[in-house]
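What follows is a single structure, written as structure tokens, with notes after it.
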Amino acid sequence: MSFCRITGTGGYLPGTPVSNDDLVARGIDTSDEWIADRTGIRFRHFAAGHEHSSDLALHASRKALDAAGRQAADIDLIVVATSTPDQVFPSTACILQNKLGNRTATAFDVQAVCSGFVYALTIAEKFIRSGSHRCALVVGAEVFSRILDWDDRGTCVLFGDGAGAVLLERSVEPGILASALHADGHYHDILSVPGQVCNGAVSGKPLLQMDGQAVFKFAVRVLGDTAVELMQAAELPMNALDWLVPHQANIRILQSTARRLDLPMERVVTTVAEHGNTSAASVPLALDVAVRDGRIRHGHHVMLEGVGGGFTWGGVLLRY
Ligand code: UT7
């Protein structure tokens with residue numbers, strides 16, 4: 001068995017920032033004060049009509065390749081986490097592969113909503129550690145603006161579009177130290193888009209619906225539990241953790257999680273103010289920001305955590 005480590009990161013946010021006041025100006029019955037106080041969100045980005053998840057993914061992937069000093073031809077595995085794929089099929093990963101000009105990699109999508117990136121990263125790690133692959137492009141990419149109910153102020157102000165990517169490569173040293181993936185489909189209806197394509201039409205309601213308070217409580221519990229599980233699996237004390245990079249849904253969820261873990265907020269990477277909840281893209285976007293601004297450095301212990309629809313949750317602990 002070999003190890004693997006992240007060798008490059010990239011992020012992409014489409015268009016210009018849309019402020020809370022911009023949403024008010026668009027006729028949504030809300031306020032900057034309510035959104036900022038309850039969620040910490042100040043801006044989000046929306047893709048243009050012609051931009052799909054694969055386009056956002058392409059920008060982020062090119063940056064990750066550049067950071068790793070790799071070419072698209074070096075990639076032998078592409079895993080895209082998305083709940084807003086370009087089409088029913090083929091996978092967004094295959095569409096991205098074509099846009100990158102790569103014709104040989106294994107390519108597929110993962111659907112685990114806001115936990116999608118940690119699911120995809122863990123799957124890619126298992127491919128590499130098995131010896132079958134050596135260089136994986138792992139992406140979280142979303143255009144959640146396409147599935148928002150603009151008449152539901154409790155959800156439409158929370159989400160945005162974006163993509164984040166990492167290159168994961170075989171290495172002689174770890175790299176990824178521990179990972180954990182969980183799901184409990186009993187909670188499938190507290191966060192869902194209950195629509196489907198059927199006989200040439202959409203049936204059901206293909207717009208996001210959420211029981212916000214149930215999701216909030218669930219997220220705080222499982223983000224805390226998963227952090228403990230990962231540190232125990234790696235036989236490290238919690239104070240050995242340099243950076244927590246959690247799913248960026250709500251600053252209050254991140255603050256409650258940090259409190260539960262007795263972790264100072266200075267060690268939690270937060271980008272939710274700048275892009276809102278970008279679902280599967282949020283963790284790699286936050287990771288990229290903290291790598292590029294020099295906070296996350298070689299040798300640091302970094303924990304990535306996701307939680308979202310399904311319900312799904314999980315995390316990856318790594319030495320950067
Ligand atoms: O990836 C995981 C995805 N989701 C999440 O992580 C979200 C988790 N949940 C949350 O972040 C919070 O539950 C929300 C931010 C969604 C809501 O915050 P809350 O403190 O649970 O508010 P609430 O739903 O209990 O609503 C409180 C009040 C209500 O008014 P009344 O009934 O007290 O008069 C809502 O109608 O806030 C009102 N409200 C708003 N007011 C202004 C709800 N949305 C808005 C809004 N602007 N956008």
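Numbering of ligands and ligand atoms starts at 1, following listing order.
Side-chain contact, E142 with T278: no donor N or O sits under 3.5 Å from an acceptor N or O. Residues H182 and E229 bring a donor and an acceptor atom of their side chains to less than 3.5 Å of each other. Looking at S145 and D161, their side chains do bring a donor and an acceptor atom within 3.5 Å of each other. Side-chain atoms of T155 and D152 form a donor-acceptor pair, as typed in the model, at a separation below 3.5 Å. Between the side chains of H247 and S115, no donor-acceptor pair of N or O atoms lies under 3.5 Å.
Between W150 and F46, the ring-plane angle classifies as perpendicular under the 30° and 60° cut-offs.
Here N250 has side-chain heavy atoms under 4.0 Å from ligand 1, and that is the only part of it that gets that close. The side chain of N277, and not its backbone, has at least one atom closer than 4.0 Å to an atom of ligand 1 (non-hydrogen atoms only; side chain from C-beta on).
Ligand 1 is approached by I253 to a heavy-atom distance shorter than 4.0 Å. Within the structure, the closest approach of G308 to ligand 1 does not fall below 4.0 Å when heavy atoms are considered.
Every atom of ligand 1 with a heavy atom of T39 under 4.0 Å away is listed here by number and element: 15 (C). Atoms of ligand 1 found under 4.0 Å from any heavy atom of V157, numbered from 1 in the order shown, are 48 (N). The ligand atoms of ligand 1 that sit less than 4.0 angstrom from a heavy atom of G154 are 16 (C), 44 (N). Every atom of ligand 1 with a heavy atom of C114 under 4.0 Å away is listed here by number and element: 1 (O).
At a distance under 4.0 Å, no protein heavy atom can be found next to atom 31 (P) of ligand 1. For atom 4 (N) of ligand 1, the protein comes within 4.0 Å by at least one heavy atom.
The shortest N or O to N or O distance between G212 and ligand 1 is under 3.5 Å. Inclusion of Q213 in the set of residues having an N or O under 3.5 Å from an N or O of ligand 1 is warranted.
Closest to atom 43 (C) of ligand 1 among all protein heavy atoms lies W34 CZ2, 3.4 Å.
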